[in-house]
Trainee: 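Can you read through this structure? Questions will come right after.
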Amino acid sequence: MTTSDLRLSARDLACERGGRLVFESLEFDVAAGEALVLTGPNGSGKSSLLRQIAGLLEIGRGQIELTGGDPERALGEQAHYLGHLDALKPSMSVLETIRFWALYLGGSAAAAQAALDDMALGDLADLPVAYLSAGQRRRLALARLAAVPRPLWLLDEPTVALDQASVGRLRAFMAAHLAGGGIIVAATHLDLGLGTAKSLRLGAEEMA
Amino acid sequence: MTTSDLRLSARDLACERGGRLVFESLEFDVAAGEALVLTGPNGSGKSSLLRQIAGLLEIGRGQIELTGGDPERALGEQAHYLGHLDALKPSMSVLETIRFWALYLGGSAAAAQAALDDMALGDLADLPVAYLSAGQRRRLALARLAAVPRPLWLLDEPTVALDQASVGRLRAFMAAHLAGGGIIVAATHLDLGLGTAKSLRLGAEEMA
Amino acid sequence: MSRAFLALLLRDLRLAARLGGGGGMAVFFFLVVIAIVPLGVGPDRPLLASLAPGMLWVALLLAALLTLDRLFQADYEDGSLDLLSTGPLPLELVAVAKALAHWIVTGLPLVVSAPLLGVLLNLPSAAALPLTLAMLIGTPALSFLGSVGAALTVGIRRGGLLASLLVLPFYIPVLIFGVGAAAAASGGFEGEAGRQAFLLLGAVTLASFAVGPLAAAAALRANLR
Amino acid sequence: MSRAFLALLLRDLRLAARLGGGGGMAVFFFLVVIAIVPLGVGPDRPLLASLAPGMLWVALLLAALLTLDRLFQADYEDGSLDLLSTGPLPLELVAVAKALAHWIVTGLPLVVSAPLLGVLLNLPSAAALPLTLAMLIGTPALSFLGSVGAALTVGIRRGGLLASLLVLPFYIPVLIFGVGAAAAASGGFEGEAGRQAFLLLGAVTLASFAVGPLAAAAALRANLR
Amino acid sequence: MAGMSSLSAAQRFHAYANPARFMALSSRLVAPLGMLSALVIAAGLWFALVASPPDYQQGETVRIMYVHVPSAWLAMFGYSVMAVASAVALIFRHPLADVAAKSAAPIGAAFTFLALVTGSLWGRPMWGTWWEWGDARLVSMLILLFLYLGYMALWATIEEPVRAARAAAVLALVGSINLPVIRYSVDWWNTLHQPASVFRMDGPTIASSMLLPLGLMALGFTVLFVTLLLVRMRAEIMRRRVRNLRLARAASGAGA
Ligand code: HEM
Ligand SMILES: Nc1ncnc2c1ncn2[C@@H]1O[C@H](COP(=O)(O)OP(=O)(O)OP(=O)(O)O)[C@@H](O)[C@H]1O
Ligand SMILES: Nc1ncnc2c1ncn2[C@@H]1O[C@H](COP(=O)(O)OP(=O)(O)OP(=O)(O)O)[C@@H](O)[C@H]1O
Ligand SMILES: [Mg+2]
Ligand SMILES: [Mg+2]
């Protein structure tokens with residue numbers, strides 16, 4: 001995670017979904033400590049691009065490469081993917097959930113507890129996930145990123161459902177990740193407050 | 001819908017979820033043409049309040065009343081509820097979906113088509129819902145409000161996943177509804193651009 | 001209101017046809033159960049013939065159970081049920097529309113395939129017609145009673161198993177009268193006993209029409225709030 | 001990696017226990033299915049005894065089927081599967097963990113309760129041990145083969161029918177050899193036939209261990225992309 | 001403190017006045033009732049096992065009857081209690097009714113199980129088999145057990161008490177309609193397939209020497225049922241209070 005020669009790059013990337021071409025000839029380069037913000041109208045392919053980077057969607061043409069990372073692990077294993085779905089089980093408690101993900105993704109139980117506190121969920125630790133509000137769920141999903149360190153964060157509209165205090169917390173959290181030499185690729189319709197971020201606008205030509 | 005003596009009011013309202021008191025002694029009054037914006041930190045009960053109004057959640061104590069509406073129909077039947085779940089079936093096409101809801105909720109097939117155009121979904125009419133992006137799904141959910149006129153709109157974070165053009169469209173749409181004598185109750189963490197709206201802050205005392 | 005009913009019924013039929021979840025799977029399961037009976041009992045033809053109506057009914061019941069959990073669960077999970085309950089259609093009629101769609105999609109194909117599968121079990125041809133008739137009368141009760149179980153377990157993930165548990169005791173009268181009707185009518189004595197069994201079976205089905213939607217709607221209300 | 005495997009296994013067991021999809025429910029379901037057979041085919045005791053192994057196997061299969069279809073589906077629908085595939089555990093081992101959890105939760109309790117329930121069906125006591133043994137050998141195959149079907153159906157919206165029908169044919173060899181093994185060993189001729197049936201059953205199960213996880217992982221990969 | 005105030009509010013909200021009165025009353029009743037049932041059952045057992053003659057036909061096995069018959073009665077009584085309490089819970093929303101219904105189920109199920117087991121034990125010597133599918137009463141008893149188990153399973157799987165209570169009440173009521181239907185249908189089915197049962201349920205006319213222990217045992221079992229019901233209801237109310245306290249505490253600092 002402190003490898004400072006980390007670099008995520010895409011060359012001549014294309015994406016096809018349901019028989020339709022979503023984007024093509026996409027190129028970008030993000031170095032350690034940098035963030036890339038994806039913007040663009042609905043359906044322009046932001047979520048699709050994030051899934052491609054995470055290895056969760058076929059790459060039509062071109063390639064995505066992470067250099068300077070762990071050569072033994074696939075790109076997806078070095079990345080945290082935060083999508084629209086939050087991968088939470090209603091019947092598990094908040095603590096059980098984050099514990100499970102920490103252990104499964106290769107972290108420790110102690111880190112799991114700390115991650116809950118980072119997201120101000122410590123008080124809710126024993127509640128079943130079914131009892132959480134939309135924003136509390138989102139915070140629990142975000143706590144995964146704190147529990148297990150991974151150099152690359154792929155965030156799909158991370159601020160959705162968060163209240164102002166939580167958005168502030170998320171910003172500080174992202175800034176710390178970048179300062180530690182991590183990379184963030186985030187899709188958003190709003191300002192994420194990543195001042196220095198590169199930005200990539202998808203599907204602009206389609207806009208009315 | 002043009003009844004201008006429409007009024008939604010709550011008296012001494014309490015909400016309990018999973019054995020915990022979420023809020024109590026809540027009071028509000030919204031008249032025809034007015035909007036009420038619910039704000040507050042995550043877990044303060046915004047979504048719960050909307051579900052109570054729609055009749056989808058037990059009212060712990062107190063009451064909610066819609067005066068000046070159709071006395072023959074329950075409150076929930078005079079309201080559109082737009083929640084976090086979008087009630088879409090992946091295997092139905094966009095047009096089939098909105099047609100079904102229009103007919104089911106008491107509108108017409110012609111209105112359904114017009115509603116699609118209102119939400120700039122006309123081009124996607126024949127796509128299966130499974131192929132839609134997050135924002136496109138949200139727009140399809142919103143198209144229900146355009147397809148069937150109902151005086152009361154209950155919107156839970158309606159701008160989530162919408163791109164800027166769509167947010168603009170939604171604002172105009174809400175303004176038109178208010179101008180026509182409708183009522184809107186909306187929960188949000190962002191500015192909805194409803195300039196003249198009343199606002200109700202939930203759970204403020206709990207905030208750190 | 002009747003337009004809303006029709007719209008819902010058609011939507012459910014369409015979804016079932018697209019997803020292929022219902023009828024095909026039920027019929028296939030039916031076939032498998034029937035196919036293994038000779039394996040257990042041995043190939044004795046008269047014995048198989050005497051078993052056939054009972055086994056066909058049991059297999060039918062099990063096949064109907066397999067599809068129950070999709071009745072309301074999918075609509076609950078994606079939020080459709082919330083909206084369905086704010087429409088002009090009372091929840092009772094929503095339950096009727098869904099049970100009806102369930103019957104058309106699973107019950108009807110099972111009834112149609114039963115006499116064909118009966119051949120595998122050496123079902124006497126004289127018994128095929130009464131059996132099919134009994135099934136035609138009895139299967140709607142399976143859907144309507146089943147809707148109660150499905151409504152009770154809505155919102156429970158993997159509620160399918162629980163739903164079938166809750167529902168099975170209620171299926172037993174259908175089973176008993178159904179087997180009785182088929183046996184009585186095919187066993188030769190066309191008269192009193194056969195007619196009576198059919199009447200009882202019809203009465204159970206009618207009762208399920210009355211009780212099923214009411215109970216299902218009450219259960220949905222409990223689970224939606 | 002083995003820690004991740006354990007974590008996943010424990011999570012699935014815990015979820016099953018909480019949701020009530022656990023062993024108790026499977027056994028209860030088993031009991032109810034067993035109870036309706038005599039109601040369908042009549043109370044003739046020798047006949048029931050001859051049906052018993054077959055019906056016990058069918059009940060087992062049904063319980064497995066009812067719980068299998070959500071083996072991966074639930075994790076797919078809430079996005080967990082995406083994350084599971086980005087962990088250090090290869091998808092093959094994810095499939096093993098899930099199939100194992102499924103067997104512990106449904107297969108094992110059913111095997112344990114089968115001889116007890118056999119009493120209800122008048123299962124000859126000489127047949128109880130061979131049947132239980134056959135089930136112990138055969139049920140893991142139901143979970144491991146089932147995981148392939150579950151993986152194939154994951155997330156497929158339109159090809160649903162084809163995919164769900166794929167599960168059942170996989171089960172038929174287990175069923176045939178399972179019933180055969182129990183019947184052969186209890187029927188008295190302890191020798192060649194019984195041994196052979198058990199060997200075949202064991203072979204099917206071993207094959208399912210080898211093929212199941214590989215095929216399930218391949219299907220998951222195809223469906224996740 | 002936010003925590004304290006929301007806790008007391010939650011308690012007010014629950015209108016615990018009624019359950020509180022129940023708790024006070026029942027705490028005084030449980031011990032005497034328990035003692036009474038023990039005494040009556042002991043007396044019944046003494047008459048049943050020692051002071052009554054063996055049956056001239058059935059021999060010593062007749063003594064099973066003194067457990068079997070009251071168990072069977074209470075099995076059905078338990079379901080009636082459950083159904084009535086469920087109706088009260090659904091219609092009047094009385095807070096104690098669903099507690100009563102929930103608490104009655106396992107007790108009724110236990111008596112059902114006891115009736116089944118003692119019946120089987122009795123059936124072995126009398127009848128040569130543990131179980132007979134051809135008999136209406138046996139089958140309907142088994143179905144009653146299924147109804148109980150299903151009801152309990154439903155309670156166990158729905159996390160939220162209010163929701164679980166309503167759903168379970170609907171099930172109990174529908175089940176109560178089903179019960180006579182089942183009995184009637186099985187009778188009918190029975191006469192078709194197996195005209196004469198091996199043994200007659202109404203049995204020989206009962207001698208007074210047997211009537212006394214039977215009556216005592218029935219009374220003792222009934223008092224036992226009531227005692228257990230009270231104990232379970234108290235436990236259930238306590239459990240709910242603890243749950244609310246735990247949840248309230250979890251929520252107290254939960255804020256933003
Ligand atoms: C598993 C087996 C059995 C079950 C489930 C069972 C069930 C029942 C039930 C439900 C009742 C109460 C009937 C009523 O009050 O309406 C009952 C009563 C009775 N049973 Fe059984 N029974 C079983 C076996 C037997 C056997 C083997 C015998 C004796 C040969 C027996 C003798 C009686 C007698 C004498 C009564 C009292 C009848 C009366 O006067 O009300 N039962 N049993
Ligand atoms: N299904 C449920 N069962 C029990 N408790 C719940 C349930 N859903 C929400 N809660 C609890 O009720 C409270 C209010 O939740 P609600 O969803 O109304 O909050 P909200 O204001 O909409 O929050 P957000 O901004 O995160 O959407 C929260 O404390 C939450 O934990
Ligand atoms: N599962 C799918 N199958 C086929 N096509 C899809 C699928 N999901 C999305 N698409 C299509 O791919 C395109 C890009 O979708 P994507 O979700 O990446 O957009 P997005 O930029 O994230 O939009 P939004 O701002 O609405 O989230 C859209 O045109 C959409 O219709
Ligand atoms: Mg997106
Ligand atoms: Mg909310």
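Since this is a predicted model, take the numbers as computed values, not measurements.
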Trainee: So which heavy atom on B:Leu88 is nearest to which on C:Asp78, and how close?
Mentor: O-OD2, 3.4 Å
Trainee: For B:Ser91 versus C:Leu15, what's the shortest heavy-atom pair and its separation?
Mentor: OG-CD2, 3.3 Å
Trainee: Counting only heavy atoms closer than 4.5 Å, note whether B:Arg144 contacts chain C via side chain, backbone, both or neither.
Mentor: side chain
Trainee: Hey, which residues of residues 105-118 of chain B are touching chain C, say heavy atoms under 4.5 Å apart?
Mentor: B:Leu105, B:Gly106, B:Gly107
Trainee: Please state whether the side chain, the backbone, both or neither of B:Leu75 comes within less than 4.5 Å of a heavy atom of chain C.
Mentor: neither
Trainee: Pairs under 3.5 angstrom only: tabulate donor-acceptor contacts from the side chains of residues 83-91 of chain C to other protein residues two or more places apart or in another chain.
Mentor:
residue: C:Ser85; atom: OG; partner: C:Asp82; partner atom: O; Å: 2.8
residue: C:Thr86; atom: OG1; partner: C:Leu83; partner atom: O; Å: 2.9

Trainee: What closest approach, in Å, do B:Tyr104 and C:Ala7 show between heavy atoms, and which atom pair accounts for it?
Mentor: N-CB, 4.4 Å
Trainee: Could you check whether atom CG of B:Asp12 has more than 12 heavy atoms from other residues, nucleotides or ligands sitting under 6.0 Å from it?
Mentor: yes
